[in-house]
Structure formats: C-alpha cells, structure tokens
2 protein chains.
Amino acid sequence: MLTIGKLAQAGSISTDALRYYEREGLLLPASKTDSGYRLYGQDAVRRVRFIQHAQACGFTLAEIRELLHLRQNDRACCNDVRQRAIEKKLQLAAKIRAMQTMSAALDRLIVACADGTQSVDECPILAALEQVEGGEEAP
Amino acid sequence: MLTIGKLAQAGSISTDALRYYEREGLLLPASKTDSGYRLYGQDAVRRVRFIQHAQACGFTLAEIRELLHLRQNDRACCNDVRQRAIEKKLQLAAKIRAMQTMSAALDRLIVACADGTQSVDECPILAALEQVEGGEEAP
DNA sequence: CTTGACCCTGGAGTTAGCTCCAAGGTTTAT
DNA sequence: ATAAACCTTGGAGCTAACTCCAGGGTCAAG
C-alpha cells in the first residue's frame, strides 16, 4: 500500500493533484488508515498513468472520468471508447485548423512588412490590423 | 461621436467587452458626457477592429496592448512589430505540433482498436492508456 | 522526546476574456 | 408624462486543472 506521497512520487505528480483527482471522482484511495491517511494499491499507479496518458491525448478530466465509467459499464463496448477517441481527434483537427488559419494570417502580415525598416507610423502590420477585412479585393 | 452601444454594434461586440477593454487599457473613450456616458470617435471603431484582428492572429489582450504601446513609442520601429508577429507564429507552431502529437497518439489508439467489437474489458485503447509507455519495444 | 517529514481538511487564488447582475441615473420616443 | 431603451459603477461568476495556504494531527528516526 502506498501513501499519497509515495503515489505522487511514483507518478511524478503533486499530492494536491491526486487529491484533486479524488474530488473529481477519478481516483479513490483503496482505504484509509485510522488516522485518516489515504492508502493506495498498485492499481492506483496504473490509474494515474491512465489519466496522464489520456491528458496527453487531449482529453479533459471530465472526459477521462467518462472513459473510466465506460469501463465499469458492461453494456458499453470497446466501440464506445473508440468513438470518444475519434471524436477527440476531430476536435483536435478543428483546433489545429484554427491555429493554422491564425498562422497564415500572421504570415501575410510578416510578408507585408518585408524588412521592417519603416517607422511604426507606417508599419504595414499595424495598418493591416486596422483594415476592414484582412482579405483581398474582389477580382 | 458614438455611445458605447453604437460602437458595440459597429464592432459586433458587447458593451461589456468594450468596458473590459477599457479596464485593460486597450480602448479609452474620447470623452464623456456630463452625465458620464462614454463617447467614442471613429478611431475607436478602428481600434476595435485592430483588437479583433489581432485576436484572430492569436495575440492575447496583454500582447495587443503591447502592440498598441509600440505605436506610441517613437523609438520603436516596424521591426519590433514584425518580431512580435514572428514570435507569435513560433508559439502557434509549437502549439500546433503539440496537438499533432496528441492526434498521432489518438491515431495509434484508434488503429489498435481496429473494429471495436470487443467488450470494454479487453479494449485495447483502455489497456494502452494504462501502459507504462505508449511507445514501441526496442527492436 | 523531540524534530522533521509527512498527512489531513477546507477554502482561496491563479489565468483569460469575458458575461451577468443589481441598483440606479439618462435619453428618446410616443 | 411615461415607458422603453439606454447608460453608469462595482462586483461576482464562469472554465480547467490545478496550486498554495493555514491550522492542525501523525509518524519515524535518533
């Protein structure tokens, strides 16, 4: 059995974060000592890893909780899990596209500025940001 | 002169947001009426557009305030502005890469699951998330 | 037996960019 | 004249995933 500090060390995470996971219903101690210390089994180590890897895939804690609940639910099947993954991938793709759009807009500004030797008063970047639309004229 | 409501309409933004920009030092009314109503000039319309376009490029309000300050500063030159844009583009690129990494991790999970006909107990996705490293064996 | 390391609970604070509200004063239209 | 629409300030609340703290109890080593 591990105390919270040992589990924290094993997972390279803070004890505060572990207690936070508990409040969020993601990680329950196996038991408590008479004096109220949390005790965790080896499954807690795996659980922490699960949470961390799912976070690294972009899942929020609320979504991770759902994934964990799916495992409990015997009517659920692997396909349900797979759907969550696919859905999350779509969300990521949308965010990536949004950021690529931003990046492209920046690119146009950077190119407009060319060498940047002008004074700020005539900076094409600042000027472009005030323009009604970033786009081109109708052809 | 525009009241805050008119400016809000012109910029498709809420009056609350405009007042928030004021608190953040991004947008000051040109004057106030005797009864305390804010009054804005046409430059405010351009200013709001500036803020919105800069946001669409990924700049935070704090960064936008800096851009605006650069314009005031006569020692600053266009190159300073350009540098901010380049810097922001790098930040975006880093975020995009992070999300692509997430997406790739999800892809491996989705592929591992293949058709998803298994029960949750033997779901390869859930299993993989508990694994020590998502990576492959040494060859 | 004391020192230091550990643990507990409960609650506040962080970041960003707002939104929403109350309680009241002002303007405009009818 | 009065109702509707507008404006003011100040402050609270929202999201996410924590962190940090106070004030106190517990445990292990020397």
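Values reported hereafter were calculated over all heavy atoms of this structure, with side chains retained and with hydrogens, waters and symmetry mates removed. Order of the sequence lines fixes the chain letters, A, B, ..., with proteins taken first and strands second; residue numbering starts at 1 for each chain.
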From CD of Glu22(A) over to P of dG10(C), roughly how many Å is that when rounded to an integer?
11 Å

What does Thr3(A) touch in the nucleic acid at a heavy-atom separation under 4.0 angstrom: a base, only the sugar-phosphate, or nothing?
sugar-phosphate

Check whether any side-chain heavy atom of Leu126(A) sits under 4.5 Å from a side-chain heavy atom of Asp121(A), and report yes or no.
no

Every protein N/O within reach of nucleotides 17-21 of chain C N/O, cut-off under 3.5 Å:
{"unit_1": "dG17(C)", "atom_1": "OP1", "unit_2": "Leu61(B)", "atom_2": "N", "d": "3.4"}
{"unit_1": "dG17(C)", "atom_1": "OP2", "unit_2": "Leu61(B)", "atom_2": "N", "d": "3.3"}
{"unit_1": "dG17(C)", "atom_1": "N7", "unit_2": "Tyr20(B)", "atom_2": "OH", "d": "3.3"}
{"unit_1": "dC18(C)", "atom_1": "OP2", "unit_2": "Tyr21(B)", "atom_2": "OH", "d": "3.1"}
{"unit_1": "dC18(C)", "atom_1": "OP2", "unit_2": "Gln55(B)", "atom_2": "NE2", "d": "2.6"}
{"unit_1": "dT19(C)", "atom_1": "OP2", "unit_2": "Ser14(B)", "atom_2": "OG", "d": "2.5"}

Arg71(B) to Phe50(B) six-membered ring, cation-pi geometry met (6.0 Å, 45°):
yes

Return the value, rounded to whole Å, for the distance between atom CG of Leu2(A) and atom C1' of dC7(C).
15 Å

Boundaries of the DNA chain D segment in contact with chain A, non-hydrogen, under 4.0 Å:
dA17(D) to dC27(D)

Check: Thr15(A)/Arg19(A) side-chain N/O donor and acceptor closer than 3.5 Å
yes

Hey, which sits more toward the 5' end of DNA chain C by its nearest nucleotide, Gly36(A) or Ser35(B)?
Gly36(A)

Scan Arg19(B) against the nucleic acid and name what it touches under 4.0 Å (heavy atoms): base, sugar-phosphate only, or nothing.
base

Taken to the nearest whole Å, CZ/Arg38(B) to P/dG25(C) is 18 Å

Carefully, step by step, assess Leu70(B) and Arg84(B) under the rule side chain to side chain contact (heavy atoms under 4.5 Å, CB included).
CA-CA 11 Å; Leu70(B) 272 185; Arg84(B) 310 290 167 116; 4.2 Å; yes

To the nearest angstrom, the CE-P distance between Met1(A) and dC7(C) comes to 15 Å

Consider only side-chain heavy atoms of I, L, V, M, F, W and Y, link residues closer than 4.5 Å, and tell whether Met1(A) and Tyr40(A) are in one cluster.
no

Using the side chain to side chain contact (heavy atoms under 4.5 Å, CB included) rule, pick out the option among Ile64(B), Val48(B), Leu18(B) that qualifies with Leu26(B).
Ile64(B)

